[in-house]
Structures are given as C-alpha cells and as structure tokens.
> 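Right, I'll just put the structure down here and ask away after.
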Amino acid sequence: IPRRMPLSRRLGMYMTLLDPAWVAALKARGVAVVIFSDVNTEADFEECFEAGADALCTDKPSALVEWLSKRQQNNPSSVCSTESIAEAAE
C-alpha cells in the first residue's frame with residue numbers, strides 16, 4: 001500500500017494510509033503489508049516499523065540497511081535481519 005495518497009496534488013494535501021489499526025486488521029486477515037511511496041528517511045522507516053509493516057520499498061536501500069543495523073545494535077533481540085537486505089542493496 002502507498003504510505004500516503006494525494007487528496008489534492010495542487011494544494012499538496014495528502015491522506016496517510018499508514019494507520020497501525022488498519023495494518024493490524026489487514027495482517028489479522030493474512031495480508032502481508034508492504035509500504036511504498038515516499039519511504040526514504042529514518043523517520044519514515046521508524047513509522048512503517050511501528051505501524052507493523054511487513055516490508056517496505058525505498059529509493060534509499062543503503063539508508064534502510066544503515067537504520068536496520070543501528071536498530072539491531074540498540075536492540076539485539078530485534079526481529080529485523082539485515083543480511084538479505086544488505087545483499088539486495090548491493
């Protein structure tokens with residue numbers, strides 16, 4: 001799902017689709033939630049992770065790998081794995 005959808009491109013108005021309750025409802029029905037569109041900063045990665053996304057697509061894979069590495073260092077029990085992501089980024 002896109003992270004946000006334009007309501008009015010001319011006015012720069014958007015509606016967020018990254019609602020943790022909606023993500024949880026989708027996952028409860030067996031839907032894998034993959035977030036894309038405008039997910040390129042550490043704040044974006046954190047927002048997607050906190051909302052419960054299963055995966056995300058970014059224009060900045062090296063930034064995502066760096067963020068995941070930092071997150072894993074700060075929380076060794078984190079479920080994030082950087083190996084497959086690092087390989088994909090290369």
Side-chain angles (χ1 to χ4, degrees):
I1 60 173
R3 182 168 164 240
R4 61 186 189 155
M5 292 189 63
L7 294 175
S8 171
R9 286 194 174 125
R10 186 172 61 101
L11 297 176
M13 296 171 61
Y14 294 88
M15 174 182 73
T16 185
L17 297 177
L18 193 58
D19 175 30
W22 189 52
V23 171
L26 289 171
K27 292 176 78 167
R29 289 166 178 78
V31 176
V33 177
V34 179
I35 307 297
F36 64 91
S37 178
D38 194 30
V39 182
N40 296 313
T41 67
E42 288 189 1
D44 297 337
F45 305 150
E46 185 69 31
E47 182 182 16
C48 292
F49 181 82
E50 292 299 322
D54 294 301
L56 58 92
C57 298
T58 181
D59 295 325
K60 310 277 184 181
S62 58
L64 175 59
V65 169
E66 183 179 328
W67 178 80
L68 286 170
S69 294
K70 280 193 255 181
R71 184 174 182 84
Q72 201 165 35
Q73 288 172 359
N74 293 336
N75 183 7
S77 64
S78 174
V79 297
C80 296
S81 171
T82 58
E83 283 101 19
S84 60
I85 295 171
E87 290 172 8
E90 293 176 349

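Since the model is a prediction, treat every value here as computed from it, not as a measurement.
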> At what distance, to the nearest 0.5 angstrom, does CZ of Arg71 lie from CZ of Phe49?
3.5 Å
> Considering residues at least two apart in sequence or located in another chain, which fulfil the salt bridge (charged side-chain N to carboxylate O under 4.0 Å, His left out) criterion with Lys27?
Asp54
> Residues two or more places apart in sequence or in another chain: which of them pass side-chain contact (heavy atoms from CB on, under 4.5 Å) with Ala55?
Val34
> Any chance you could measure Gln72, atom CD, to Trp67, atom CH2, to the nearest 0.5 Å?
11.0 Å
> If we ignore hydrogens and angles and just use 3.5 Å, is the side chain of Thr58 paired with the main-chain N or O of Pro61 as donor and acceptor?
no
> When you compare the side chain of Leu56 with that of Leu64, does any pair of heavy atoms fall below 4.5 Å?
yes
> So which of Val39, Val33, Val23 actually passes side chain to side chain contact (heavy atoms under 4.5 Å, CB included) with Cys48?
Val39
